[in-house]
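The next block holds one structure in the form of structure tokens; read it before the comments.
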Amino acid sequence: MEKIDELDKKILKIITQNARIPFRDVADQCGVSRAAVHQRVQRMYDIGVITGSGFFVNPKMLGFNLSVYVGITLEKGSLYNSVISELEKIPEVVESQFTLGGFSVLIKLYARDDAHLMHLLNSQIQEIPGVAKTETLTSLEQRIRRGLPISLEE
């Protein structure tokens with residue numbers, strides 16, 4: 001795995017706080033050329049330090065009023081890949097984690113209302129071969145949403 005240096009970390013700290021900041025402004029803050037910032041950011045994409053970029057969309061503005069976490073217990077751990085392949089087909093599922101502990105898989109999904117959630121659970125998720133049981137947690141409010149802090153010191 002390639003190392004990142006202090007300049008990379010400084011660039012990361014700036015762009016993770018404001019993804020829309022022009023590279024010109026990043027270059028000014030770092031004391032380097034715009035081309036250097038562009039090359040560094042591209043290299044960090046290439047080596048997997050930066051894994052994506054985009055905008056956060058408020059699900060409620062699109063009619064998705066429920067944010068839900070579902071713990072899924074698999075019949076056998078070896079069914080993980082096939083279950084994930086089926087979960088990927090459900091657009092309301094926005095995140096999945098293979099976990100240790102009480103569940104095999106933890107997913108996050110959005111639903112329009114209770115009826116939509118019941119359909120997702122009963123007619124889609126619980127019908128996936130290999131899903132033994134589910135436990136649902138409804139989020140009432142999200143207060144913290146951030147990426148990892150970028151430390152300039154080791």
Side-chain angles (χ1 to χ4, degrees), residues 1-74 76-112 116-117 120 124-125 128-131 134 136-154:
M1 184 166 112
E2 286 189 52
K3 290 276 189 183
I4 61 172
D5 63 17
E6 292 303 308
L7 177 55
D8 292 329
K9 289 179 185 178
K10 191 170 186 179
I11 292 168
L12 282 172
K13 187 170 187 162
I14 294 166
I15 66 175
T16 57
Q17 291 173 352
N18 178 4
R20 297 182 69 180
I21 189 171
F23 282 174
R24 173 188 68 248
D25 295 348
V26 177
D28 290 346
Q29 290 181 42
C30 293
V32 297
S33 70
R34 188 171 26 182
V37 170
H38 185 271
Q39 290 169 350
R40 295 274 184 143
V41 169
Q42 186 58 53
R43 185 178 134 276
M44 287 189 280
Y45 271 113
D46 294 344
I47 66 173
V49 173
I50 299 173
T51 59
S53 63
F55 297 95
F56 295 119
V57 175
N58 181 347
K60 290 183 180 186
M61 299 302 291
L62 299 177
F64 291 90
N65 295 306
L66 296 176
S67 174
V68 178
Y69 293 88
V70 180
I72 299 172
T73 302
L74 301 179
K76 296 187 301 187
S78 61
L79 296 171
Y80 172 71
N81 287 330
S82 63
V83 169
I84 291 299
S85 293
E86 293 302 310
L87 289 169
E88 287 174 335
K89 297 175 184 175
I90 303 171
E92 294 89 347
V93 175
V94 297
E95 186 177 319
S96 73
Q97 306 287 330
F98 193 26
T99 61
L100 298 174
F103 307 112
S104 309
V105 179
L106 182 67
I107 63 171
K108 180 178 182 180
L109 63 83
Y110 291 103
R112 288 185 296 279
H116 184 212
L117 175 60
L120 290 169
Q124 291 189 268
I125 295 169
I128 296 172
V131 171
T134 62
T136 304
L137 303 165
T138 301
S139 171
L140 298 176
E141 177 182 42
Q142 179 181 6
R143 293 292 296 263
I144 299 172
R145 182 180 191 158
R146 61 178 170 223
L148 274 172
I150 308 299
S151 173
L152 297 179
E153 303 89 33
E154 294 272 335

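Numbering of residues begins at 1 and proceeds along the displayed sequence.
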Would you call Asp8-Arg43 a salt bridge at under 4.0 Å N-O?
yes
Does any N or O in the side chain of Thr51 come within less than 3.5 Å of the main-chain N or O of Gly48, such that one atom is a donor and the other an acceptor?
no
Using the six-membered ring wherever Trp is involved, compare the ring planes of Phe23 and His38 and label them parallel, tilted or perpendicular (cut-offs 30° and 60°).
perpendicular
dist Thr73:OG1 -> Phe103:CZ (nearest 0.5 Å) comes out at 6.0 Å
side-chain contact (heavy atoms from CB on, under 4.5 Å) between Ser139 and Tyr69: does it pass, once the steps are laid out?
CA-CA 7 Å; Ser139 171; Tyr69 293 88; 4.2 Å; yes
Is the number of heavy atoms from other residues, nucleotides or ligands under 6.0 Å of Arg34 CZ greater than 12?
no
Looking at NZ of Lys76 and OG of Ser82, how far apart are the two atoms once the value is rounded to the nearest 0.5 Å?
9.5 Å
Before you tell me yes or no, could you show the steps for Leu12 and Met44 under side-chain contact (heavy atoms from CB on, under 4.5 Å), namely the whole-Å CA-CA distance, both residues' side-chain angles and the distance that decides it to 0.1 Å?
CA-CA 9 Å; Leu12 282 172; Met44 287 189 280; 3.7 Å; yes
Can Lys10 and Asp5 be counted as an ion pair, charged N to O under 4.0 angstrom?
no
What distance do Ser96 atom OG and Leu109 atom CG have between them, rounded to the nearest 0.5 Å?
11.5 Å
Does either side chain, that of Asp25 or that of Gln29, offer a donor lying less than 3.5 Å from an acceptor on the other one?
no
With rounding to the nearest 0.5 angstrom, report the CZ to SG distance, Arg40 to Cys30.
9.5 Å
Distance col, row Ile21:CD1 vs Ile11:CD1, nearest 0.5 angstrom, shows 11.0 Å
With Thr134, the side-chain contact (heavy atoms from CB on, under 4.5 Å) member among Ile107, Ile125, Val105
Ile125
